[in-house]
Amino acid sequence: MLHYGFMANAFAAAAIVSVLAGLTGYFLVLRGQTFAGHALSHVGFSGATGAVLFGVAPLWGLLLMTLAGGVAMGLLGERLAHRDVAIGIVLSLSLGLGMLFLHFFTAYASQATALLFGNVLGVTAQTVWTLLALALLSLAALALIGRPLLFASVQPELAEAKGVNLRRLGVAFLAIVALATAACVQIVGVLLVFALMVGPAATAQQLTARIGRGLLLAAGLALAEAWGGLVLAFYTDWPASFWITALSGAAYLLASLTRLRWRAVKPLRPPV
Amino acid sequence: MPVTLSGVTLTQGGRTILQDAGFAIHDCEFVGVLGPNGAGKTTLMRAILGLLRPQRGSIAVFGRPAERGNPAIGYMPQVRSAPAGLRLRGWDVVAGAASGYRFGLPGISAADRREVAWALDIVDASALAARPLGELSGGERQRLLLAQALLGRPQLLLLDEPLASLDPRHQHGVVALVRELQQRLKLAVLFSAHDLNPVLGALDRVLYLGGGQAALGTVDEVVTGPVLSRLYGAAIDVARVDGRIFVMAGAHTVGCAHEHG
C-alpha cells in the first residue's frame, strides 16, 4: 500500500502529527485543560475557511487563529475558569463564521468536510514538510519548558513559590497546543482533534503513574492509532478519521476496564 | 534570624491582613500560626515567600529581603484537590520540585535523585513513593509532601495547614514527625493550623493573627482572654481542661478542640 504516493504521504503526516499530539496531549490532560484543545480547533475553523476565501492555504489561516486563540486563553488564564457560557458562545461564533466564509467559496462541500473531519489521504508532500517543521518547532519548545511545565501543572502554588512564572508558562504551553491543534486538523479535522490529542494521553495516564513512561506511551499510542486507522481505511475504504477515533475510543475504554478489573482483583490497601 | 517583620502593612484583595506589625522568628523555633479563618495565615506565608509585597515596612528572611525562589525556605502549600486525585507516582511528584523551576526536559540529575532519596528516607516515605499519590491516605500524602519541602535542605519550613482534613490520629503523627525533623535538622518552622490543640505539645511559641494584628509569644502569654479579645475584636474567654485549650466567644465556642492524644 506504500507504493501509492498518497498513502506514503498519509503515513508520514500521521506519524509526525500523532507523536506531537500525544506528547502535547499528555500535559494537556495532566493540567486538566483538555477542553482548550477542543476550543482551539473550533476557533481555527474560521481561520482556515477565511484563508480559503482569500486564496491562502487553509493551514496558515488555521495556524493564525489557533495561535491567537491560544495566547488569548493563556493570558486570560484563571479568569476563563468558570466561563462555560462565554467560551461556548465564542466557539459557536467561530464555527458560524467559518460556515459563512464557506458560503462565499464555491468548492464548498468537499472543503468543508475536509476541514471538519480531516482528509489525511489528501495530504501533499509539501504539507508533510510543513507539518514536520511545525512539529519540530513545537517539540523543541515543549522540551525547553517541559520540566517547569510539569512542576507547575502538578503543584502550581509550590512552583510559583520556587520562582516559576505561571502565567508566562501557561501562555507558552497554549501556544504549543495551538500549533499541535493546527497540525492535528490536517489528519482528523476540526471536530475530531480530541481523538488524537486527548485520547492517547488519557489512556496512557490510565495505564501508568510514571511520567516518563506516560509520555512515551501517549506518543506510542497516538502513533499506533493513527497508523492503524490508515491501514484499516486502506482495506475497508471507510474514512481514516472514523478508524482513528474508533481506535482511540476503544483503547481508552479497554484501559479503563483493565484498571477497574485490576482494582477489583487487588483491592486498595487500607490506609496506614 | 529566619524571619523578621518590621512595620509591615499587608493587604490582600482590599482586606488588611497586618497593620504595622513587627515580630521576629528565632532559629530552631517551632511556631504555630493560628487565627480565625481569613485572618491571613496563608497570606503571611506568601509574603515571606516573596509572592506578595507589603504595602509598607519590610520582611527579611535570614537577613535579606524576602524574594521569590529563596532556596533557604521549604514550603508546603495547603493541599488542594489537584495533587490528591492525581494518578501520578508519589516519587514523580516529589522529584518534580527538585530543580523544577529550571528550563529543560522533564527528568532529574543524579545529584537531585540522591537528594530526593535522602528526603524520602528522612521522613520514612521511601516505600510510599512507589504508589500513585491519589491512592495514599491523607497522612501518607502529607509525609511525601513534607519530604518534598525538605529538598534543597532549607533552614526555614513554611507549612500551610498540614493538618487540614486529617483525622486526629494522623494529625498527631504529622505533628510528631515535623517536631522531630525540626529538632534533628535545626529548622525554624511556621506551622499554621485552625485548631491549637493538636500542635500544643510541639510548640515553642505561637503566632496569633486577627483583626490586622499579630501576637507572638508563648502559649501562656498569647492564648489568654485579653489578648485574643483584642485580636478577634470581641469578648473571648479561654478555658483550659485536661491540658486542652478552648477558645470561646461569649456562650459560643470559636475554636473548638479535637481530642489531643
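Lettering of chains follows the sequences in order, A, B, ..., and the numbering in each one begins at 1.
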key: Sub-4.5 Å side-chain heavy-atom contact between A:Gln205 and B:Arg87   =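 SC-SC contact between A:Gln205 and B:Arg87 ruled out.
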Within the supplied structure, the quantity of interest is the number of heavy atoms (other residues, nucleotides, ligands) at a distance under 6.0 Å from [X] [atom1]; does it exceed 12?
X        : atom1 : answer
A:Trp129 : CH2   : no
B:Asp124 : CG    : no
A:Arg213 : CZ    : no

query = Relative to chain B, which of A:Ala161, A:Gly32, A:Gly146 shows the most heavy atom pairs under 4.5 Å?
reply =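 Top count of heavy-atom pairs under 4.5 Å with chain B: A:Ala161.
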ask   = Who among A:Gly214, A:Ala159, A:Ala143 has the most heavy-atom pairs with chain B under 4.5 Å?
value = A:Ala143
Minimal non-hydrogen separation, [X] against [Y], with atom names:
X        : Y        : value
A:Phe151 : B:Tyr101 : CD2-N, 4.1 Å
B:Tyr75  : A:Leu158 : O-CD1, 3.2 Å
A:Pro148 : B:Phe103 : CG-CD2, 3.8 Å

Contacting moiety of B:Leu105, where chain A heavy atoms sit under 4.5 Å = both
Under 4.5 Å from a heavy atom of chain A, the part of B:Ile73 involved =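 Contact with chain A: backbone only.
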inquiry  = For the backbone of A:Ile211 and the side chain of B:Asp92, can you confirm whether one donor and one acceptor N or O come within less than 3.5 Å of each other?
reply    =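 Judged by distance alone, yes, a pair lies under 3.5 Å.
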query = Within the side chain of B:Arg68, is there an N or O that forms a donor-acceptor pair under 3.5 Å with the backbone of A:Val164?
reply = yes
[options]: which one forms the most heavy-atom pairs within less than 4.5 Å of chain A?
options                              : value
B:Ser99, B:Pro71, B:Ala149, B:Gly50  : B:Ser99
B:Ala95, B:Gly152, B:Ala97           : B:Ala97
B:Gly100, B:Gly96, B:Gly173, B:Gly69 : B:Gly100

request  = State, without any angle test, whether A:Gln155 and B:Gln148 hold a side-chain donor-acceptor pair at a distance under 3.5 Å.
outcome  = yes
query = Salt bridge check: are A:Glu160 and B:Arg46 linked by an N-O gap of less than 4.0 Å?
reply =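 Judged by the 4.0 Å cut-off on N to carboxylate O distance, A:Glu160 and B:Arg46 do form a salt bridge.
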query = Side chain, backbone, both or neither: which part of A:Ile145 has a non-hydrogen atom closer than 4.5 Å to chain B?
reply = both
request  = Kindly compute the distance separating CG (B:Leu151) from NZ (A:Lys162), expressed to the nearest 0.5 Å.
outcome  =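 NZ of A:Lys162 is found 7.5 Å from CG of B:Leu151.
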